[in-house]
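One structure is given here, and the rest of the page talks about it.
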Amino acid sequence: MKKSVAQVLGIALAAALTVTSSAWASPKEPQSAGKWDDATLDAFRTLPIQEGGRVKPFDTYATFLLLRLNGKRTFTQDLENGQKIKLDAMEWLLDCMFYPETAINYRHFIVDNADYITGLGAHAPSSGQRERFSYADLMPAIPQLFERARAAFQLEQNDRTVQQQMIIALAQAVQEFESVTHYYDFARDPFDASKSSLAQRIFPGDAATGLTLSKVLVEGRQLRLASAALEQLKQEGNSEENVTRESAAFGEFLNPLLIAAQTGAGLALIPPADKARLEWFSAGSLARETFNVETLDAHDLALLAALEKLPTVVNEKLQFKAAVNDFHTLAVAAAQARGEYNKIPLEVSFYKAKFFSYAQVLFILSFLVAALSWLNMRSRVLGWLTATLVTMPLALLVTGIVYRCIIRSRPPISTLYETILFITATAVLVALFIEVVNRRRIALSVGAFLGTLGMFLANRYEITNAQDTMPVLVAVLDTNFWLATHVTIINVGYAAGMLAAGIAHVYVLSRVLGFKRDDREFHRSLTRMVYGVTCFGLLFAFIGTVLGGIWANYSWGRFWGWDPKENGAALICLAMLATLHARMGGYIRDMGIHLAAIATGCVVAFSWWGVNLLGVGLHSYGFTNGIWTATYIFWGTQAFMIALGFFVLARDRFAPKTAAPSKPSRGEPAPVETLVAK
Amino acid sequence: MTILKKLYALLSSYGLAVVLFILMFFLILFGTFHQIDYGLFSAQNNYFSSAFVIHKLGPIGIPLPGGYTLMALFAVTIVAGMLRIRRTWERAGLLLAHFGVLVMIISSAITFHFSDRGHMRLYPEQQSNEYSSYHDWNIEVGKPAAGATLHLIPDTLFKDLSSDESREFFSNELPFEISVSGYAPNGVPVRENITIEGTNARVVDGFRLLTLPEEKEAEINVPAVYVTVTDKTSGEKTEGILWGMDREPLTVKSGDVFYTVGLDRKRFPVPFTVYLDKFTADFHPGTSMASTFESHITKKENGGEEKINIYMNHPLRDRGYTFFQASYGPPNAGPNDTLYTVFEVVRNPADQGPLVACIIVGIGLLLHFTQKLLGYMRAESRRRVA
């Protein structure tokens, strides 16, 4: 992995230096953004592309590419007249592919340390630290940028500084941008047979005019025999000098093919007619393939012909629309013939529906209404409104999860991103269940808050990670049975741990602020909820953990390998067990249970996020800068809450005792509900 | 109250259970952090399987009971608690859950004491009826003509030696004694003119032993050791350096008989032969991520043959032995290179213990918490009616 990316960086640098200036020196009038009609955009959105080991909509590819570069799902460009124009990912990508001379001025490279980049020679767009650069801004700095990125790449991931990580990310973003902007270089530079007699032999007469890559590749066999043809020239009495000149002329003729092989390698948009071939073709890989097989498949070449026509007619609106339609029809038919298209429209509609964005908005709204309802607890309208507003985003969230399950043909969780969605949905669902049982609006409000927090986290993770959230899985995860059992169950345990911690916050804050000071039943109901949710969490965390061990025993031959993720799950079980046994033994009372629940929430965060970042073990994903910071901030806030709890305990201890709750006897189980004063 | 009753009361108390949970919590937490710098094998030996450990937190040493001690105490506490708890229907779930945990602890103990684990590496058309340990090594003494090992000196008998200590080994069946010294858990013989830090002063046949830092992944370590073979009759000495990666063992002559002395991984026999017909690795298209890798083997035994495919999540199980598709190699192999397969081979008499325990605990907890939930719902319903 390390070598291959470094090599790719090297190739990209070489490509950038050799091709950039010449390929875009086209006299075409630069086009401004946002001039794609809806039908064209829809056709491109539903176009299948193979990337990252799976077939996905072109729209998904565009969205995550833009996220990686720009840190946002849309791109806003300042126009010279002072206006702004906003492009969605597909419009932006089409601009990059078809109008690279325009796109190089798009300020879409988000950089956290702008000074460092300007120090390498880049033009500063303005004076801020977090700035967006255009490719044109970066161009003077690109050689140094790649050199430093290569050096940083040689280091172990955990040894890289934040700056080095930024450099690598920016170099990769530049490389990806170059990959799409140069994709059509092969179609922009036509083949010129006029200077090579050998080329004219292969493409006699009219065939030599308007030669495109697909037409040249039809004669792949002749191209391969070119060296023999040169030898024949010698035998026909041509001088050594003439043969050398012809050899050079023929090499020049083939140059666009070499460019295609190099720069056209990025987008695998051509589903091979040969179903045994798993890897789709890009223009470049098809060009390379001509040297490996006797003849290329006519269907593949027809697709290439349709693909290469697009940039040549891009300024002719009607012709372009027809050409896009032709290519779309051919590509979809080819993908369908391979059985690889049926989930594409569903995925497009999934992203178009924006389930999670709407869910986030509604959760925020529900939390605000819940807060309002606390001001008037007797208002049934506000109560029902809150319940409805929590149920609606939950329904959206669950619908989105179901969509993803259908698209992936997988259970709800197989990636870290999906754990956020699932845990959020489960926590809100359990909160709703508690609300149905006790109708106190506490669980409802906590559910609204956790829903808001969870969706915010999911959104931030998607943006920060900026990678396809439906990736292919490593071999050991290719088992729906264990994903559906172990992974799902243990995440229910995580959700319960976070919900219990959430409710415990309400208790601690209400005690600190003196909220419902005289309503002892209110506080005890909170304790009962936390106790119950902890029991629920233990059931799932324990069963999930043991099932993980059984899966490991089944796959690797050991039940327990002390992997950090396994240890994290065990820590959650131990924290919950210690809480429940301490409660049963009477060692902790109301506040003790709540503080233990908050501490358990910290343990859940460690197991959920922290252990992945330790850099050891089978579950070490080594991803996403900033996660440690966020985790530390979370732990810091929780430590503060625990300190507040101790403050309340100390305050109660030294305050005049009026009605302290009776202490349960030690050594005898004392379930919380039996302690409630009726 | 007699001392025994006090002890019983202590062992069956919630207080001890809570203390054990907390100790176990910190043991696992510290052991996990220990892995970052020292690797899993070290964490297992020093924390999770040990009787006692002192965790270094900066300059402060925190003493903790090791995993073995804690698991034993848990077992005792659970038994005492189950004897003490009132055996009513309300507590049936709790009893069942605790019994399940006890089953799990017992099966863990059986696994710890009686299981073997190792690996078998095969190229296509190779076969084997034994697997090699990941961490344990033996000095093997044999006769080349006989083709079999005569005597073994397990590394547990000499790995405690410091670089300037030696230990003698002898057998009445062998005409010589072997002195072992300068053991390096991860080492390599280097030419005598190399004297960087870590090289031993002793030179044998122009080589000296360089001790390398131990790897975090302990299975990568290759040990090396000096041996001096002294003929019992003639007193003649033969010196050598044994290294785990040596292709050829040290040859010793006693009288007219040749013997070999070598250092090799501990090997375990299996009651059948595994022949690798073919190994295939498929990748997600356009990526270097394996989607599946699969070994097509023939299991040979007593003249009979059986064709079996082993792949991820589909191991071969036979008479207590389990073959898992663990990995493949060589690393950085090209598209046309022949790949070898690596099986993880495990013999574990308590293989299914955790599954049984999980089912028992699951039923127990489900029963108990359902009772609690129904009680809570009834109480809330009464409250709302009131």
Side-chain angles (χ1 to χ4, degrees), chain A residues 1 4 50-54 268 278-280 437-439 472 474-476 478-479 482 528 532 535-536 538-539 542-543 546-547 549-550 553-564 567-568 570-571 574-575 577-578 581-582 584-587 611 614-617 666-667 669 671 673 676, chain B residues 9 13-15 17-18 21-22 24-25 28-29 31-33 35-36 39-40 43-44 48 85 104 108 111 117 216 283-293 311-313 315 322 324 326 344-346 348 351 353-355 357-358 361-362 365-366 369 372-373 375-377 379-380 383-384:
Chain A
M1 178 75 184
S4 65
Q50 188 185 66
E51 195 228 1
R54 78 175 183 105
L278 297 177
E279 200 171 332
W280 285 25
V437 173
N438 69 17
R439 312 276 171 90
V472 291
V474 293
V476 71
D478 190 13
T479 157
W482 290 111
R528 282 199 295 275
C535 291
F536 175 81
L538 175 64
L539 172 68
F542 188 89
I543 302 289
V546 178
L547 281 176
I550 293 169
N553 192 33
Y554 199 67
S555 297
W556 297 314
R558 92 288 186 283
F559 171 71
W560 197 261
W562 300 107
D563 178 83
N567 295 351
L571 291 178
L574 287 167
L577 281 166
H581 282 77
M584 299 277 274
Y587 300 105
V611 292
L614 294 179
V616 288
R666 290 188 177 212
E673 51 266 44
V676 176
Chain B
S13 68
Y14 285 108
V18 173
F21 285 134
I22 293 171
M24 191 59 141
F25 182 95
I28 292 178
L29 189 67
T32 305
F33 291 143
Q35 278 188 51
I36 298 170
L40 177 61
Q44 273 179 313
F48 307 132
I85 197 170
M104 194 175 296
S108 304
T111 301
R117 158 184 301 277
K216 277 193 207 173
F283 297 87
H284 290 293
T287 72
S288 56
M289 185 194 290
S291 58
T292 178
F293 38 107
Y311 53 104
M312 293 303 292
N313 297 317
T322 314
F324 300 90
E344 174 140 346
V345 188
V346 178
N348 181 6
D351 188 29
L355 178 60
C358 181
V361 174
L365 288 181
L366 203 60
F369 291 140
K372 291 285 169 197
L373 178 65
Y376 174 66
M377 289 171 73
E380 284 295 334
R383 178 186 65 81
R384 289 215 306 274

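Throughout, protein chains are lettered first and strands after them, A, B, ... in sequence-line order, and every chain is numbered starting at 1.
Annotation: side chain of A:W560 is not in contact with side chain of B:T111 (no heavy-atom distance under 4.5 Å). Proximity of B:I28 to A:W562: side-chain heavy atoms (C-beta onward) are separated by under 4.5 Å at one or more points. Using a 4.5 Å heavy-atom cutoff, the side chains of B:Q35 and A:P564 are in contact.
Of all heavy-atom pairs spanning B:F293 and A:A475, the tightest one is CE2-CB, 3.9 Å. Pairing each heavy atom of B:T287 with each of A:G53, the nearest pair is CG2-N, 3.5 Å. For the residue pair A:N438 and B:R383, the shortest heavy atom distance occurs at O-NH2, 2.6 Å.
If you check the side chains of B:N313 and A:T479, you find no donor sitting under 3.5 Å from an acceptor.
If you tally non-hydrogen atom pairs under 4.5 Å between each of B:A43, B:G15, B:S13 and chain A, the highest count goes to B:G15. The most heavy-atom pairs under 4.5 Å with chain A, out of B:T292, B:D351, B:N348, come from B:D351. Chain A forms more heavy-atom pairs under 4.5 Å with one residue of B:T322, B:L355, B:I22 than with any other, namely B:L355. Chain B forms more heavy-atom pairs under 4.5 Å with one residue of A:L278, A:I543, A:N567 than with any other, namely A:N567.
Note that CZ of B:F283 and CD of A:E279 are 12.0 Å apart. Values are rounded to the nearest 0.5 Å. With rounding to the nearest 0.5 angstrom, the CZ atom of B:F25 is 5.0 Å from the CG atom of A:L571. Here the CG atom belonging to A:L539 is positioned 6.5 Å from the CZ atom belonging to B:F369, to the nearest 0.5 angstrom.
Using a 4.5 Å cut-off between heavy atoms, A:Y554 touches chain B through backbone and side chain atoms alike. Residue A:A582 touches chain B through both its backbone and its side chain, counting heavy-atom pairs closer than 4.5 Å. With a threshold of 4.5 angstrom between heavy atoms, B:A17 approaches chain A through side-chain atoms but not through N, CA, C or O. For B:M289, the part lying near chain A is the side chain, with the backbone staying farther off; criterion is any non-hydrogen pair under 4.5 Å.
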Take B:L373 and A:F536, measure what side chain to side chain contact (heavy atoms under 4.5 Å, CB included) needs, and give me the verdict at the end. CA-CA 9 Å; B:L373 178 65; A:F536 175 81; over 6 Å; no

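Checked by atom type and distance alone, the side chain of A:R558 never pairs as donor or acceptor with a backbone atom of B:V346 at under 3.5 Å.
For B:Y311, the OH atom sits in a loose shell: 12 or fewer heavy atoms of surrounding residues, nucleotides or ligands are nearer than 6.0 Å.
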